[in-house]
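Keep in mind the model is a prediction, meaning the values are calculated, not measured.
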There are 2 protein chains.
Amino acid sequence: MEVVDFNLIYNSLSFAIAAFGASTVFFFAQRSQVAPAYKTALTLSGLVCLIAFYHHLRMFESFNNAYTLIYGEVMVSGIRFDVTYRYLSWLLTVPLLLLQLVLVMRLSKEETYSRGMKLVLAAIVMVLLGYLGEGSVTFSQLGDRWVYWLLAMIPFSYILYNLVIALTPLILKQPKSVQNLISNTRWLLIVSWAFYPIIYLFPMFNQEASYVGIQVGYTLADVLSIGIFGVMIYMIAQRKSDVGA
Amino acid sequence: MEVVDFNLIYNSLSFAIAAFGASTVFFFAQRSQVAPAYKTALTLSGLVCLIAFYHHLRMFESFNNAYTLIYGEVMVSGIRFDVTYRYLSWLLTVPLLLLQLVLVMRLSKEETYSRGMKLVLAAIVMVLLGYLGEGSVTFSQLGDRWVYWLLAMIPFSYILYNLVIALTPLILKQPKSVQNLISNTRWLLIVSWAFYPIIYLFPMFNQEASYVGIQVGYTLADVLSIGIFGVMIYMIAQRKSDVGA
């Protein structure tokens, strides 16, 4: 591993720890600022950040056990840098993220429940399928990687379809003052989620460089799709609280 | 590294950990003492100190891995003392600091949003440009350092212009009892921020001594511009709460 690659992974992991730690505290502190109907969404935002904080802390620790920068050279200890943490993190965070968006729309109880359950199930299947192909990175395994990528794209597309098409009529029923914000939040989710299947394909194009690209890419995509997404959910909840919706 | 230099860096880092740890607790504890409109500003004060606390803790740990004082001599382990943490810290804290000042003025929603976004973007560009030149410290690289210094001075000047000129008419609309305090807070921000570009230029004048000067200087400037600044924001919020503004 080159020094520049070491620095990129090391710094992006530490940055994520700081960002997720701070946002966890933010959501729990600001939970008192929204109407009771939105407190659960804020709790979920805080939990998602806490889970991401924990897993990035573990990854940082694992990275430091595997590599050390000493006298300007990267020393390899032979201890594995464990990245299964990412999938364990997503297994918890992705379903909760989707629930946040459903909760903040404040649909009817039945609607919230049925939409929530479908999205949660699709998210779990998607993360598990992605994990099955994650280890396949050598040239002979790239076929497997494509297969799991394609399989994971089925629940991925189902979720995106729900967010883009099925939620649209419901967004139009939201107060005028937040329609724009909800629509922007949905777009942030779609764009930041689109990074993941693209990053997943990095080993197809460059097996050497893909390792660093995957680590840094996933971390920054997480900051966007979890942290910034949570802040936008908070803004929706606060504006809706202000207008009593 | 001389023993006196070791002591200066070691003690200033530990001092910062204590100062930022304590101020984090202060802001979250005192959040209950201000009116609802100012609670978000207090939350941000607490977060900024928490982020600075985390990064100074990491730097202290990194410094201790790199250097040890043993039998009156500084022993070098060869493990790098990583100061990228400063820039990672600023990438999060500087935008939040500026938002604190905007929030505590309690402008209209649109004014808060548009001013906030511009200042946040300028802050991010400034920190990134500063980082690009930070590694250039040897004689042959000083040209690069000047270039990045000059480039970073563009967003820096934009932010200062906003704080000094553009905010002035808005300050005059604030309650009489806090106009002075807001003006002093603005001056604290301007003076403490002016340290950074000056410290950045240390290697231009003395390459030997600059290393210690940079580390100690940045740490003390952070205590002023983050900790003391936060306390003044708190005082403004409390006085405005008292007069119901």
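Checked by atom type, the side-chain pair A:S14/B:Y54 shows a donor-acceptor distance below 3.5 Å.
If you tally non-hydrogen atom pairs under 4.5 Å between each of B:I51, B:L50, B:T40 and chain A, the highest count goes to B:T40. Between chain A and the residues B:L44, B:V76, B:I79, the most heavy-atom pairs under 4.5 angstrom are made by B:I79.
Taken to the nearest 0.5 Å, the OH atom of B:Y131 stands 5.5 Å off from the CG atom of A:N11. Atom NZ in B:K39 sits 9.5 Å away from atom CD in A:Q30 (nearest 0.5 Å). Remark: B:H55 NE2 to A:F15 CZ distance equals 8.0 Å, nearest 0.5 Å.
The main-chain N or O of A:A29 is found under 3.5 Å from a side-chain atom of B:R31 such that the two form a donor-acceptor pair.
For A:S32, the part sitting under 4.5 Å from any heavy atom of chain B is the side chain, from C-beta outward, and nothing else. Using a 4.5 Å cut-off between heavy atoms, A:F28 makes no contact with chain B at all. The part of A:D242 that comes within reach of chain B is its side chain, from C-beta onward, which places non-hydrogen atoms under 4.5 angstrom from that chain. With a threshold of 4.5 angstrom between heavy atoms, B:D82 approaches chain A through side-chain atoms but not through N, CA, C or O. Within the 4.5 angstrom heavy-atom criterion, no atom of B:F53 approaches chain A. For B:L96, no part lies under 4.5 angstrom from a heavy atom of chain A. For a residue to count as touching a neighbouring chain, one of its non-hydrogen atoms must lie under 4.5 Å from one of that chain's; by this rule B:S89 does not touch chain A. Within the 4.5 angstrom heavy-atom criterion, only side-chain atoms of A:Q33, from C-beta onward, approach chain B.
Annotation: side chain of A:N7 is not in contact with side chain of B:T84 (no heavy-atom distance under 4.5 Å).
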